[in-house]
Amino acid sequence: MEVEAYVGETDLASHARFGRTPRNAVMFGPPGIAYVYLVYGMHDCLNIVTEPPGTAAAVLVRAVEPLEGADAMREARLRRLGRRKRLDDGAIARDRDRLARLPTERLASGPGLVCAAFDIDRSMTGVDLCDPSSALRVEPRGPGDPEPLIVAGPRVGVAYAGEGWAHRPWRLAVAHSPSVSGPPLGG
DNA sequence: AGTTGGATGGTCT
DNA sequence: GACCATCCAACTG
């Protein structure tokens with residue numbers, strides 16, 4: 001499990017840095033709501049709005065450790081790959097084989113991969129992730145589960161934000177989790 | 001095992 | 001018209 005915090009309009013790494021726009025409007029609303037955007041023309045990324053209305057903060061879900069549903073995640077990722085423009089039968093077979101070999105803990109180990117594995121796209125923006133009846137939701141840790149140790153490091157891919165913001169340790173992950181993305185972080 | 005570059009389209013100045 | 005809160009294949013050694 002791995003997330004990144006984006007703390008408001010003053011955070012020059014955040015989509016909220018331009019103020020309220022059509023894309024980021026949901027960030028200015030109530031917390032617990034999904035904000036899904038498209039990066040690099042092909043990858044969806046899931047955020048959870050985290051602060052009361054008026055404060056445009058959110059958490060980017062960068063990686064998740066699958067506890068169940070691995071087969072469904074493999075199917076969802078294969079379907080998403082199927083939307084690529086060139087798809088001959090050989091390429092599809094190769095994708096299926098690669099996904100079958102991919103360890104379960106790596107099925108959602110990246111922000112784009114989380115959305116591919118859970119079949120999340122921009123149409124999910126606005127969904128209430130705290131409503132137990134939502135198809136997509138977050139749930140509290142089980143009563144028997146121990147509180148995990150959290151490690152922190154700089155956020156990924158935000159060099160454009162400049163010295164003041166780029167290396168703040170707002171990338172957070174469960175220590176020793178097999179399901180994290182990108183560069184290792186301290187701990 | 002580490003590096004490089006292509007894919008691909010929405011968003012903002 | 002530039003820039004991405006990315007992923008993966010195809011190289012190098």
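Any value given below was found using the heavy atoms of this structure, including those in side chains, with hydrogens, waters and symmetry copies removed. Naming: A, B, ... by sequence-line order, numbering from 1 per chain.
A straight line from CG of N47(A) to C1' of dT6(C) spans 14 Å, rounded to a whole angstrom. M27(A) has its CE atom 14 Å from the P atom of dT11(B), to the nearest Å. Residue L102(A) contributes atom CG, which lies 8 Å from atom P of dC8(C) at whole-angstrom precision. Rounded to whole Å, the distance from CE on M42(A) to C1' on dA7(B) is 4 Å. Here the P atom of nucleotide dA7(B) and the CG atom of L81(A) are 16 Å apart, to the nearest Å. Rounding to whole angstrom units, NE2 of residue H43(A) and P of dT11(B) are separated by 16 Å. Atom CG of D97(A) is separated from atom P of dA9(C) by 12 Å (rounded to the nearest Å). Rounded to a whole Å, the OH atom of Y35(A) is 9 Å from the C1' atom of dT11(B).
If you chain together hydrophobic residues whose side chains sit under 4.5 Å apart, F118(A) and V39(A) never meet in one group.
Scanning atom types as modelled, one donor and one acceptor separated by under 3.5 angstrom connect the side chain of Y37(A) and the base of dA5(C).
Among the protein residues, T21(A) comes within range of the sugar-phosphate backbone only, with heavy atoms under 4.0 Å from sugar or phosphate atoms but none that close to a base. Residue-level contact check: R98(A) touches the backbone only, with heavy atoms under 4.0 Å from sugar-phosphate atoms and none from bases. Residue contacts shown for F18(A) are limited to sugar-phosphate atoms, with no base heavy atom under 4.0 Å away. Using a 4.0 Å heavy-atom criterion, one finds that R122(A) contacts the sugar-phosphate atoms exclusively.
At the phosphate of dA5(C), neither OP1 nor OP2 sits under 4.0 Å from any side-chain N or O atom of Y40(A). The side chain of H15(A) places an N or O atom within less than 4.0 Å of a non-bridging phosphate oxygen (OP1 or OP2) of dA5(C). Within the 4.0 Å cut-off from OP1 or OP2 of dT11(B), not a single side-chain nitrogen or oxygen of R17(A) is found. In this structure, R171(A) does not reach the dA5(C) phosphate: none of its side-chain N or O atoms is under 4.0 Å from OP1 or OP2.
Taking a pair to require two hydrogen-bonding distances under 3.5 Å in either a Watson-Crick or a G-U wobble arrangement, dA7(B) pairs with dT6(C).
Residue R77(A) places its side chain closer to dC8(C) than to any other of dG10(B), dT6(C), dC8(C). Side-chain proximity of L113(A) to dT8(B), dC8(C), dG10(B): nearest is dC8(C). Side-chain proximity of R94(A) to dA5(C), dG10(B), dA9(C): nearest is dA9(C).
A donor-acceptor contact under 3.5 angstrom links the side chains of S181(A) and E2(A), judged on distance only.
At least one donor-acceptor pair under 3.5 Å links the side chain of R77(A) to the backbone N or O of L107(A).
Annotation for V156(A): hydrophobic cluster partners, listed by chain and number, are none (ILVMFWY side-chain heavy atoms under 4.5 Å, direct or chained).
At a threshold of 4.0 Å, the pair R80(A)-D121(A) does not count as salt-bridged, since none of the basic side-chain nitrogens sits closer than that to a carboxylate oxygen.
Atom CZ of R17(A) has more than 12 heavy atoms from other residues, nucleotides or ligands within 6.0 Å.
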